[in-house]
There are 4 protein chains.
Amino acid sequence: MSDIDFNARIGRLNERVTAIWGEILDTSELVRAIRGGSVDKALYAIYMLETYHYTAHNARNQALVGVRHAELAPYAKFCFEHAAEEVGHEKMALHDVMSIGLKDHKFDIPQPLPSTEILIAYLYWVSFTGNPLQRLGYSYWAENAYEYINPLIDRLRTTLELQESQLTFFIAHSDIDADHFEEIKTIMRRTCKSEQDWVDVERVMETSLRLTGAMLEEVHREYELYRSGKSRRYAFLDVLREAPALAEA
Amino acid sequence: MSDIDFNARIGRLNERVTAIWGEILDTSELVRAIRGGSVDKALYAIYMLETYHYTAHNARNQALVGVRHAELAPYAKFCFEHAAEEVGHEKMALHDVMSIGLKDHKFDIPQPLPSTEILIAYLYWVSFTGNPLQRLGYSYWAENAYEYINPLIDRLRTTLELQESQLTFFIAHSDIDADHFEEIKTIMRRTCKSEQDWVDVERVMETSLRLTGAMLEEVHREYELYRSGKSRRYAFLDVLREAPALAEA
Amino acid sequence: MSDIDFNARIGRLNERVTAIWGEILDTSELVRAIRGGSVDKALYAIYMLETYHYTAHNARNQALVGVRHAELAPYAKFCFEHAAEEVGHEKMALHDVMSIGLKDHKFDIPQPLPSTEILIAYLYWVSFTGNPLQRLGYSYWAENAYEYINPLIDRLRTTLELQESQLTFFIAHSDIDADHFEEIKTIMRRTCKSEQDWVDVERVMETSLRLTGAMLEEVHREYELYRSGKSRRYAFLDVLREAPALAEA
Amino acid sequence: MSDIDFNARIGRLNERVTAIWGEILDTSELVRAIRGGSVDKALYAIYMLETYHYTAHNARNQALVGVRHAELAPYAKFCFEHAAEEVGHEKMALHDVMSIGLKDHKFDIPQPLPSTEILIAYLYWVSFTGNPLQRLGYSYWAENAYEYINPLIDRLRTTLELQESQLTFFIAHSDIDADHFEEIKTIMRRTCKSEQDWVDVERVMETSLRLTGAMLEEVHREYELYRSGKSRRYAFLDVLREAPALAEA
């Protein structure tokens, strides 16, 4: 693929990512709440628990692509190497949840919310079937999401007075993902050859980003249900309100 | 696990590996033929074609273990990293086959022999089911096999007047595997805790080594069938006899 | 499980099904369009193509549950028997699409819409992981959906002047599913024992029904995009407008 | 496929089955022991425990073929229907083991022997990869094995004075398999079209039958190790010697 063609393809993906993130950010109740500062630590906890859930599958479904498609050696190698780097990252998300005041409290981690489960299901689906290259569409936006997410995290951090040590997941990923993003573009240039490859990458990119947007909204709905007392699913987060700030770090 | 216990376990594995290799080497018709010098390039070709077949699955079944068992992060990381390093190694085996005089001849690579297929099947089986640690039993002997195999390869090399460039698979693996073997012992020390873990590792070690021995014997039987003209499965190797030595490199 | 407990559980499921169908029917643009009679054959075609896509996976993911959970013999038997009955049903959906005037026209069946792919992905997910009984939640509503769907199909049939021979998918399923629904309740009574079993069944029931609702809405959106000329994805359906009614049967 | 061609193909398979069974029966130490009457109930127990192990996977790997190949509807239906009929048959094998005098004794069922595990592994392998039709090669001989096995079972029955109620696995299968065998030929006639299909069926037939032969021999070796006291793997069978005959039924 010529540089011109490749750059045109990447330009097209970037346009779509920007457009969909725009839709998500503009219509999101979660984003509105974060920007408005009207949130407490329970929101961060609910969000990080879902992050914990889907992150626990990322290395697995990433490697699965290589397992079923090892003929294309450079791509399989990419899949296994990335999987190796992603292993155990969910533990950072869990650490961050616990750090805000839950460490001394026993609770069962709730099952993933339906929208999180749907996202996980979809990522396995695109990994075990169809064009093996299509999962790159997920990596493409996910490893380059911090442009969109960081302002929200910064706002949350100020509002909730979170320490760096309570944001290990986001800080680690901001660092890793800059490198990853370049690697993703390199492997895409090397492997995505046909029109269908780019169509498949774009489809998975859009769908997985929209499913992530739906997950953000469900996090917010659950937060509202929790705050209003209409759902006791997150009853174990009550301790965050009762605990004095000093004890939480 | 204490150093004493670990060393005792490793000592036990080493004893079993030595004993089973002993059985294989002592009774093997293939080994007798190689040692006797009564072989030609067709034998090397048949052997390397089977090596090509099973090697093409090693990265895949290695990664599969991590896909289904990512909770144990260090082990999953090991599986994915090793898989990344093994990707595409079958191409070395194929290169070596082609280099002995087949490069300019079109032929379909024959399907794996039954004993090779059985070995491949077994390695997937131990990778997708049972104790995820058990596949270490295969790695344990396979990444430390050169002590047993190198004398045979050296003999073959002399008999067949092979160049280094026609032995890339074995030369590359001798180098890689020394490191790998240390990594395998490190991860075993870290992960194999229960009695059952060691029993499972030993069972898979023994079974996969014996299946490899059976594959070596079938290679020899096929070679005899080819030489005697009783089977034309490897008819495309006839060119190795006809080609003058100079043209082969 | 006592009759009382079982009936209470089933009553609870029925309440939830009724409530979610109510939400779907009340808010659906597709339903509004069908009820208003403002639809043409293109809508039926788009809908049946998505039906074709997800139906092609139902036997497969149904059997998958039994493959990974054969210890519970009556349930595995149920899974395999149902899978056997569902095999090939997508061909009825395809037949119905073709029968409305597409038979003599060559076209590539478009890939599933994103919401259809998400539904398919989710059904594999609940089939290959988690509580093996949870997929019963999908069967529970899907094999009892005709109460909700038949009035819409009847309305479509009148509006589009469809013959029975153009509705084989729905007519066949209405018949089969009455029996299936009794079998599903029988196997649920026999296998769903724990609180968690019922929670899991209900979660999958709700999520898969909502995903189906989302698919219906995407069908309608695509229909509007097609009618307004904003999307040419379904350009091959233009022939339905041009063809005189007589030629369509 | 014409009747003549089909009958020729079937004739070829039958010849191969007869030849391989001939080899197995002629060289088998197990067969020699049974025919010589020099066996006791421990042999039957060891054999039926291995039968229990591999039978527990037959429905699962049979259905797996349909899961990955549902496009060919009649074959997928065959796979699911056969799987449904095979579910739970391992329980008959276990019942027969227990009935000979183990019912009142607690013991852990030993893991499958290596050769049994290899057979199981191979059957999954031919089910999840390669030509989906190839697994018919296993069914072809396995559902028609009673011609070869029944004389041995009859001899065992006389020697060990077993009741019909202690042979439920074999009696049930003799009945079922006659029907199954006709169904297998019917589906083969319908689906096996290409030369490669028949080659693949024959390869799997031969390999799976030879692996079964190897399992029989390992059963005998284990029996000898048990009788001579060299292995205590089957120590729980000691009770069969001590128990008076009357108590065993």
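Fair warning: this is a prediction, and the values are worked out from it, not measured in the lab.
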side-chain contact (heavy atoms from CB on, under 4.5 Å) filter on B:Ser165, not counting sequence neighbours, yields B:Gln163
Report the distance from atom CD of A:Gln62 to atom CZ of B:Phe80, rounding to the nearest 0.5 Å.
9.0 Å
Backbone N or O of B:Ala84 within a donor-acceptor pair of the A:Lys77 side chain at under 3.5 Å?
yes
Residue-level contacts of residues 43-60 of chain B with chain A, using a heavy-atom cutoff under 4.5 Å
B:Ala59, B:Arg60
B:Glu71 and A:Lys91: which non-hydrogen atoms are nearest, and at how many Å?
O-NZ, 3.5 Å
Identify the heavy atoms of B:Ala73 and A:Gly88 that sit nearest to each other, and give their distance.
CB-CA, 4.2 Å
Pairs of heavy atoms under 4.5 Å with chain A: top-ranked of B:Ala83, B:Ala70, B:Ala76
B:Ala83
Got a sec: does the CZ of A:Arg190 have more than 12 other heavy atoms crowding it under 6.0 Å?
no
Need one label for A:Glu85: side chain, backbone, both or neither, based on atoms under 4.5 Å from any heavy atom in chain B.
backbone
For residues B:Val67 and A:Val67, report the shortest heavy-atom separation together with the two atoms involved.
CG2-CG2, 4.3 Å
